[in-house]
2 protein chains.
Amino acid sequence: MARLPIYLRALTTLAEEAVTTVSSEELASAAGVNSAKLRKDLSYLGSYGTRGVGYDVDYLVYQVSRELGLTQDWPVVIVGLGHLGHALANYGGFASRGFAIRALVDADAATVGTEIAGLRVRHLDGLEEEVRKHGIAIGVIATPAPVAQEICERLVAAGVSSILNFAPVVLVVPDEVEVRKVDMSIELQILAFHEQRKLGPERHGRLNDAVAELADAVST
Amino acid sequence: MARLPIYLRALTTLAEEAVTTVSSEELASAAGVNSAKLRKDLSYLGSYGTRGVGYDVDYLVYQVSRELGLTQDWPVVIVGLGHLGHALANYGGFASRGFAIRALVDADAATVGTEIAGLRVRHLDGLEEEVRKHGIAIGVIATPAPVAQEICERLVAAGVSSILNFAPVVLVVPDEVEVRKVDMSIELQILAFHEQRKLGPERHGRLNDAVAELADAVST
DNA sequence: AGGCGCTTGTGAACGAACGCACAAAGTGAG
DNA sequence: CTCACTTTGTGCGTTCGTTCACAAGCGCCT
Ligand SMILES: NC(=O)c1ccc[n+]([C@@H]2O[C@H](COP(=O)([O-])OP(=O)(O)OC[C@H]3O[C@@H](n4cnc5c(N)ncnc54)[C@H](O)[C@@H]3O)[C@@H](O)[C@H]2O)c1
Ligand SMILES: NC(=O)c1ccc[n+]([C@@H]2O[C@H](COP(=O)([O-])OP(=O)(O)OC[C@H]3O[C@@H](n4cnc5c(N)ncnc54)[C@H](O)[C@@H]3O)[C@@H](O)[C@H]2O)c1
């Protein structure tokens, strides 16, 4: 389930506050979900709660971490160390959540050889060697969009089977490779869509009209 | 619909390649979705296709842009100009997709006053004034997690009604405010989950066991 | 020891979204 | 003009996920 990481974050926050026990209701509101949904999600991992009491925070942290495969550290390579790649490489939040950035790769001669967050940037030529050397299964693509697909293919060929893509393109990969994309422009556009709708439906698209009609129908 | 921005991107790419007409099948595969789903999505905006031919690319770009509210530029404020805030402020992909970054705000004395991407960073004190001055409806939070909720409340109080949050916290907002979050750690954790499953179910969590049993049941 | 109150785990109903498959509609060739 | 071909728009069955609601289980208080 894609919600486990959210629960895990809420749980670790609680653990830091020295909370030992939490009810599904509390945890659900901290994670921003329905409590029945949370209980059902957790029940897929097994019965780790105590009726009448709730869940033991530390124990649940462990179980969820195990389920997510975070009891070990995953080595990661970042390809493309422009603005975004720099930010990612310097971000401490990955290391503390089960990931270890092990290799940085870029094509730009000016960037290659520089040190970022204690790691030396290697030239693109060494991509495959870095992946093999560190046994890297997870690759991050932070290159310009036009080269993302090519980088993706090289990562896959080298043995990477999970990719986090920041470039605004749809990557084509074999079935066994998992891709997730983070696209900030799309997020903003979705916000703009809702924002526009708030301004009043009359001056806008047909989708809004349809929604307005629906609202009318409901209110009568 | 949350898929419209993806279609829009595929369409603009096609437009740049001087493609004038596209079938639902082609556009769907470029966007990575089922063609029936794409046609149904587009039909919500109206009937802009021609049977036997397909969709006119330029016309569809315009219709989708209008639906998303991208015929105008949306002013945006970024709060927190650390690594990530810098990357965002310098990113050209926003301006070309209907957004104009109009204000940068940070609490750090060393950052305030510096110029990033042609814009001067203003102190947090001026947040409300900047929002009002530019009529900003969309705010981006790139501050450390502990202050994100507080910043969020100030943005909302100042009149911002859509927020893009990069801090790893669940923001609490009034119903009429739209929040979207981008959480890179969560994306990585989801990848780790799938990665772990590939390694073989025997040494892992109960969720995997359940899936394995299911697979057994199906194959017999 | 027994009962009371609280919280979990889940069966079942509901609803939304997906995708198949086809009729309707347009194009172009003969 | 007609026919064969292409592609849209959509009705409908199906699947997936969410939520309600409640029985089962646990701890605590008496
Ligand atoms: N910066 C942001 O805030 C932001 C936001 C959304 C999306 N993105 C996307 O993320 C990607 C990176 O953005 P950025 O702002 O860091 O861009 P950037 O131009 O600052 O950095 C790109 C980096 O990739 C390197 N590169 C180019 N070709 C390469 C190749 N073939 N192999 C390896 N490295 C190569 C460049 O040398 C450069 O260091 C882009 O696709 C962009 O669209 C960025
Ligand atoms: N850098 C990444 O790649 C990355 C990845 C995932 C998530 N994030 C999240 O994004 C956020 C920012 O990350 P970062 O790497 O840029 O951190 P950072 O520490 O580099 O930058 C944080 C910035 O926020 C400013 N700030 C602090 N308190 C403030 C306040 N009250 N008001 C306004 N500004 C304030 C600081 O002065 C600093 O400039 C964090 O919440 C982080 O968890 C970052």
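So that the names make sense, note that chain A is the first sequence line, chain B the second, and so on, each numbered from 1.
When each of B/V53 and A/A36 is assigned the nucleotide of DNA chain D with its nearest heavy atom, B/V53 is the one assigned upstream, toward the 5' end. Between B/S24 and A/G52, the residue whose closest nucleotide on DNA chain D is further toward the 5' end is B/S24.
Following rounding to the nearest Å, B/Y59 (OH) and D/dT8 (P) show an atom-to-atom distance of 16 Å. In this structure, the CG atom of B/L45 is 12 Å from the P atom of D/dT10, given to the nearest Å. The nearest whole Å value for the distance from the CG atom in A/D56 to the C1' atom in D/dC26 is 15 Å. Here the P atom of nucleotide C/dT7 and the CG atom of A/N34 are 16 Å apart, to the nearest Å. For A/D41 and D/dC16, the CG to P distance is 16 Å, given to the nearest whole Å. The distance between atom CG of B/L42 and atom P of C/dG19, rounded to the nearest whole Å, is 15 Å. Rounded to an integer number of Å, the gap from B/R3 CZ to C/dA16 C1' is 12 Å. We find that OH of A/Y44 is positioned 13 Å from P of C/dG9, with the value rounded to whole Å.
When each of B/V77, B/L155, B/V179, B/I78 is checked for a side chain to side chain contact (heavy atoms under 4.5 Å, CB included) with B/I141, only B/L155 meets the rule. Residue A/Y55 is tested with A/T50, A/T21, A/V61, A/L42 for a side chain to side chain contact (heavy atoms under 4.5 Å, CB included); the sole match is A/L42.
Looking at A/R51, its side chain has no donor and acceptor atom pair within 3.5 Å of the base of C/dT7. Under 3.5 Å, the side chain of A/K40 and the base of D/dG17 form no donor-acceptor pair of N or O atoms.
Looking only at atom types and distance, the side chain of B/E67 has no donor-acceptor partner in the side chain of B/Q63 under 3.5 Å away. For the residue pair B/S161 / B/E176, no side-chain donor-acceptor distance below 3.5 Å is found, with atom types taken as modelled.
Distance from the side chain of A/K37 is smallest for D/dT18 among the nucleotides C/dT10, D/dT18, D/dG27.
Annotation: the terminal axes of the helix from C/dA1-D/dT30 to C/dG30-D/dC1 meet at 0°, where each axis is the rotation carrying the C1' atoms of four end pairs onto the next four (5 pairs per end, rounded to 10°).
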Steps toward side-chain contact (heavy atoms from CB on, under 4.5 Å) verdict (A/L70, A/F99): CA-CA 8 Å; A/L70 301 179; A/F99 302 93; 4.1 Å; yes
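When the side-chain nitrogen and oxygen atoms of A/R39 are compared with OP1 and OP2 of D/dA21, none of them lie within a distance under 4.0 Å. The shortest distance between the side-chain N/O atoms of A/Y55 and the OP1/OP2 oxygens of C/dG9 is below 4.0 Å.
Other residues, nucleotides and ligands contribute more than 12 heavy atoms inside 6.0 Å of the OH atom of B/Y91.
A search for salt bridge (Lys or Arg N to Asp or Glu O under 4.0 Å) contacts involving A/R154 returns A/E128, not counting sequence neighbours.
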